[in-house]
A.B. asks: 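Pasting a structure below so you can have a look.
Every chain is numbered from 1 and lettered A, B, ... according to where its sequence line falls, protein lines coming before strand lines.
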Amino acid sequence: MLKIEHLTKSYGSKKAVDDLTLHIAPGEIYGFIGHNGAGKTTTIKSCAGILPFDEGEIFVDGHSVRGEPLACKRVLAYLPDNPDLYEFLSGIQYLNFIADVFGVDQDTRASRIRRLADAFELTEDLAQPISAYSHGMKQKLAMISGWLHEPKLIIMDEPFVGLDPKASHLLKQMMREHCDGGGAIFFSTHVLEVAEKLCDKVAIIKEGRLITSGTMEEVKGDASLEDVFLELEDDHA
Amino acid sequence: MLKTLLSIQLRALGIQLTRGGSRAKRKPGKARTLGVIALLIYAFGTFGSLFYMNFGQLAGPFHEAGLDWLYFAMAALMCFGLMFVGSVFTAKAQLYEAKDNDLLLSLPIRPRDILLSRLLLLWVITMFFGLLVSVPVLLARQTALGFSGAGLAVCLVLFVLLLPLLSLTVSALFGYLMHRITARVGQKSLVTVALSLVFLVAYMYLVMQMNPLIERLAQDPSGAARSLGAVAPLYMLGVCAAGARFDQLLLIAAVVLLLFGAMLALLSRSFIKTTTDRRGGAKKKYVERRTAALSPERALLQREWRRFLASPAYILNCGLGPIFLLIGAVVLLIERGRIAPLLQAEGLAEFLPWILMLGLCFTGGLSMMTAASVSLEGKSLWIVRSLPVDTRAVLRSKLRLHLLITVPPVLLCVLSGALILRPALPLLLCLVLVPLLFSLFGALLGLAENLRHPNLDWINETQAVKSGASILLTMLICWGVMLLPVLTAAFLGELVPMTWIGLGFALLLAVLCALLYRSVMTRGVQRFESL
């Protein structure tokens, strides 16, 4: 579903991502772990077609991000770490905008919005302007917009930040269901316990370079993901 | 702490003026610096010449009538008016709606220091507006009568320091009241726009009445002296400036500082409550409705519309042209009885269509929607960048919004004008084509300039629509291009018929539009995708 091949991206003389290769298959929840400034967000933004990259190639559902960006964006949803949404719109106007752009028909969008907004307990606030939303409410709205067009691939940057425990639990369920239905999820997180319980595969990145990747068992063995992460970080210091 | 806060504010202002606050942290180019200087010269030139000429007529007669104080009282009134109109909405936005208020309030900084740092910056901005009036007024007085050293010193302290501080005090209080009002109403945008237009129209009316007023004053200065003399502070200010009275200057300074201090104390006490007020009145309850599905292009256009209509700052700073054009169309129809005799006037009748055409271009040139549209994407730029929409469609939606707002009022004005002037077909063609093409030119130029000079890191959207090189450059270039047919007519008017000049200008605009469109859809697209 997502193939990152030898991705390299520099900011000036600093390499933010250096020759990164990862493959995420349909049905997989793939966690992306690294310290602050390791290159996670740069990688994620490159995959979402937001950030041009210097070398390598990224394929989403067989389409090149560089060559066919629109084809890629049609099948993915990107949710950033900070949900800066259109504050001049109400929640429902934002969702309708996203549905219009993805060509979701009236009946389908109505039923999906109803189901997702009810699940996130946001229905009553949909008429409110987004400027009146709390960070958590914006995060929930972004989640609903991400699931609204039923993308094949969902790319998320720190999706659990700002969500209340109930919404976090719901999000984990939705992630699992999405992948069980043949979709794929690639997300970054600092919450290693969540990654350990939720992810089928995990990749650890440091200073733009991949340290290790594989199934959860392959990466951590009998230890905890936290121990492995800290150990690997020290080894590559 | 205050010093640190102030230096951050000044640095932000400097970056906006010289670098445009774009994410590419490039150093200010010479062209940009020259552009800012050119704009300052232009602003001082237009406003300055207006006030210099008008007050130049008054200095001598008032002096002879022993009414020097009246000259300075009137100057103070004009100066205060412009400073107030120029800063009241900035005060509201900068003091209470800045996005870093929460951050600063969470730090161990007294609210008074936050407020004071912002007020000091606003004082600088207010001073700028004040200088547009005070410099020409003082120059006119110097030319006519001269100043003593003490007289000049008193005037400078009064007009450059104290009057802006007084205006700022009133602006900040009005800004506070407006914020409180708009925080409690649902139609915040509408109320703010309506209030702003009231202020603006009142000031413009005052400026438009300046010529007849000055004529009346020249005939009966003592009558005006009686009226204005009844306003004690104005009289005192006038006497202080005219007589170089240091004792009164100290008294005025004390009163102004006292008022400023009182305002600061009042606003500081309520600052946290005011900035954290819940906006928008009662909560709207969501009722599910069947919404028509739109095509991506229409959805993008609707997004642009909603952004425009939701932002008073956007409407007032970038959409004044169409509002003036609508007013102009109505005025043309209502006043057609007065305009009709001008058609018979020898030497003037043949120029009326051209005056109308240039007037439409000039007013249309005040429409700056596209020149701020990229900057307004701000931190939510990621949304359109991650959606499956062609960047060209995004840019076209910005152009469409601009044209949908500007073209109907232009056509309405042309129609009103044509009904009165009844021009021949070639002339009518110029009258229709030139303003329409000029609107398109302004839209494309604004978009191209905003793609070159985006400001995505704004804290308050007023920064995106008020400052930044794209708006300044678009306005200057538009008005520069408008001079082309005027200069052509001035130099070749006797050789080439005016209609040909008009049609030639239309052709030139069409070519420029085609080139700009091509540039926006190629290089502009690349720029947008690399933001």
A.B. asks: Rounded to the nearest 0.5 Å, how far does CH2 of B/Trp305 lie from CZ of A/Phe88?
C.D. replies: 13.5 Å
A.B. asks: Can you tell which part of B/Glu297 gets under 4.5 Å to a heavy atom of chain A, answering side chain, backbone, both or neither?
C.D. replies: neither
A.B. asks: Determine the minimum heavy-atom distance between B/Leu387 and A/Leu70, stating which atoms define it.
C.D. replies: O-CD2, 4.5 Å
A.B. asks: Tell me, side chain or backbone of A/Leu89 under 4.5 Å from chain B's heavy atoms, or both, or neither?
C.D. replies: side chain
A.B. asks: Could you check whether any side-chain heavy atom of B/Ser295 comes within less than 4.5 Å of a side-chain heavy atom of A/Asp100, counting everything from C-beta outward?
C.D. replies: no
A.B. asks: Of all of B/Ser386, B/Ser311, B/Ala299, which one pairs up most often with chain A through heavy atoms under 4.5 Å apart?
C.D. replies: B/Ser386
A.B. asks: Surrounding NE2 of A/His35 (heavy atoms of other residues, nucleotides or ligands, distance under 6.0 Å), is the total greater than 12?
C.D. replies: yes
A.B. asks: Around atom NZ of A/Lys172, are there more than 12 heavy atoms of other residues, nucleotides or ligands at under 6.0 Å?
C.D. replies: yes
A.B. asks: May I ask you to decide if B/Arg385's main-chain N or O and A/Lys73's side chain share a donor-acceptor pair within less than 3.5 Å?
C.D. replies: yes
A.B. asks: Heavy-atom count check: over 12 atoms from other residues, nucleotides or ligands less than 6.0 Å from A/Arg176 CZ?
C.D. replies: yes
A.B. asks: What residue, out of A/Ala110, A/Ala48, A/Pro80, has the most heavy-atom pairs lying under 4.5 Å from chain B?
C.D. replies: A/Pro80
A.B. asks: Counting only heavy atoms closer than 4.5 Å, note whether B/Ala393 contacts chain A via side chain, backbone, both or neither.
C.D. replies: neither
A.B. asks: Go through the atoms of A/Ile155 and report whether side chain, backbone, both or neither lie under 4.5 Å from a heavy atom of chain B.
C.D. replies: neither
A.B. asks: Looking at every non-hydrogen atom in both residues, tell me the closest pair between B/Trp382 and A/Asp84 and how far apart they are.
C.D. replies: NE1-O, 3.0 Å
A.B. asks: To the nearest 0.5 Å, what is the distance between OG1 on B/Thr291 and CZ on A/Phe97?
C.D. replies: 15.0 Å
A.B. asks: Below 4.5 Å, heavy-atom pairs only: which of B/Ala293, B/Ser530, B/Ala310 has the largest tally toward chain A?
C.D. replies: B/Ala293
A.B. asks: Chain A: which of B/Glu529, B/Arg298, B/Arg303, B/Glu288 shares the most heavy-atom pairs with it under 4.5 Å?
C.D. replies: B/Arg303
A.B. asks: Taking every non-hydrogen pair under 4.5 Å, which of A/His149, A/Glu124, A/Lys45 racks up the most with chain B?
C.D. replies: A/Glu124
A.B. asks: Would you say the side-chain atoms of A/Tyr86 and B/Arg307 include a donor-acceptor pair closer than 3.5 Å?
C.D. replies: no
A.B. asks: Mind checking the CZ-CG spacing from B/Arg289 to A/Asn96? Nearest 0.5 Å is all I need.
C.D. replies: 11.5 Å
A.B. asks: What part of B/Leu300 is in contact with chain A, defined as an atom under 4.5 angstrom from a non-hydrogen atom: side chain, backbone, both or neither?
C.D. replies: both
A.B. asks: Measure the CG-CD1 distance between B/Leu531 and A/Ile50 for me, rounded to the nearest 0.5 Å.
C.D. replies: 12.5 Å
A.B. asks: Minimum heavy-atom separation for A/Arg74 to B/Pro388, with atom names?
C.D. replies: CG-CB, 3.5 Å
